[in-house]
Colleague: 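Below: one structure in structure tokens.
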Amino acid sequence: MSSSAWQKSSYSGASDNCVEVRSIDGLLEVRESDQGDVIVRTTRRSLADFLQSAKAGEFDHLVVGA
């Protein structure tokens with residue numbers, strides 16, 4: 001990803017209730033499309049580590065019953 005345009009998951013379809021990501025200034029920014037003023041800025045490595053942990057189920061206890 002080399003653009004500063006926000007990209008959302010294809011799983012979101014036409015919904016505005018999704019997470020978007022973009023690359024800017026060598027970092028990644030993540031936001032919820034319905035709360036665009038709240039942006040988390042992180043490194044590629046940190047986001048990759050987080051996604052790996054999420055895929056492994058480390059945070060499942062936080063969303064059970066959500």
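Just so you know, these numbers come straight off a predicted model, no measurement behind them. We number each residue from 1, following the sequence as shown.
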Colleague: Quick test of your reading: applying ring-ring contact (aromatic ring centres under 6.0 Å, His included), list the pairs with at least one residue in residues 29-50, sequence neighbours left out, ordered by first then second residue.
Modeller: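 ring-ring contact (aromatic ring centres under 6.0 Å, His included) check on residues 29-50 returns F50-F59.
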Colleague: Please identify each residue that fulfils side chain to side chain contact (heavy atoms under 4.5 Å, CB included) with D37, with sequence neighbours left out.
Modeller: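 By the side chain to side chain contact (heavy atoms under 4.5 Å, CB included) rule, D37 matches Q35.
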Colleague: What pairs meet the salt bridge (Lys or Arg N to Asp or Glu O under 4.0 Å) rule with one or both residues in residues 49-61, with sequence neighbours excluded?
Modeller: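 Pairs touching residues 49-61 that pass the test: R45-D49.
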Colleague: T43: what forms a side-chain hydrogen bond (donor to acceptor under 3.5 Å, both in side chains) with it, not counting sequence neighbours?
Modeller: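 So T43 forms a side-chain hydrogen bond (donor to acceptor under 3.5 Å, both in side chains) with S46.
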Colleague: Atom CZ of R22 and atom CZ of R31: how far apart are they, to the nearest 0.5 Å?
Modeller: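 The distance works out to 6.5 Å.
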Colleague: May I ask you to decide if I24's main-chain N or O and S4's side chain share a donor-acceptor pair within less than 3.5 Å?
Modeller: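 Flag not set: sc S4 to bb I24 has no pair under 3.5 Å.
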Colleague: Report the residues that fulfil salt bridge (charged side-chain N to carboxylate O under 4.0 Å, His left out) with D25, sequence neighbours left out, ordered by chain and then residue number.
Modeller: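 With sequence neighbours excluded, D25 shows a salt bridge (charged side-chain N to carboxylate O under 4.0 Å, His left out) to R41, given in chain and number order.
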Colleague: Do L47 and V38 sit in one hydrophobic cluster, given that two such residues count as connected whenever their side-chain heavy atoms are within less than 4.5 Å of each other, even indirectly?
Modeller: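 No, L47 and V38 fall in different hydrophobic clusters.
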Colleague: Could you list all the ring-ring contact (aromatic ring centres under 6.0 Å, His included) pairs where at least one residue sits in residues 26-45, not counting sequence neighbours?
Modeller: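 ring-ring contact (aromatic ring centres under 6.0 Å, His included) check on residues 26-45 returns no pairs.
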Colleague: What distance do E29 atom CD and S23 atom OG have between them, rounded to the nearest 0.5 Å?
Modeller: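 The CD atom of E29 sits 9.0 Å away from the OG atom of S23.
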Colleague: Under 4.5 Å between any side-chain heavy atoms of V30 and V19, yes or no?
Modeller: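 Sidechains of V19 and V30: in contact.
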Colleague: Are L27 and L51 linked, directly or through other ILVMFWY residues, by side chains that come within less than 4.5 angstrom of each other?
Modeller: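 In one cluster: no.
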Colleague: How about C18 and S9: do any of their side-chain heavy atoms sit closer than 4.5 Å?
Modeller: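 Answer no - side chains too far apart.
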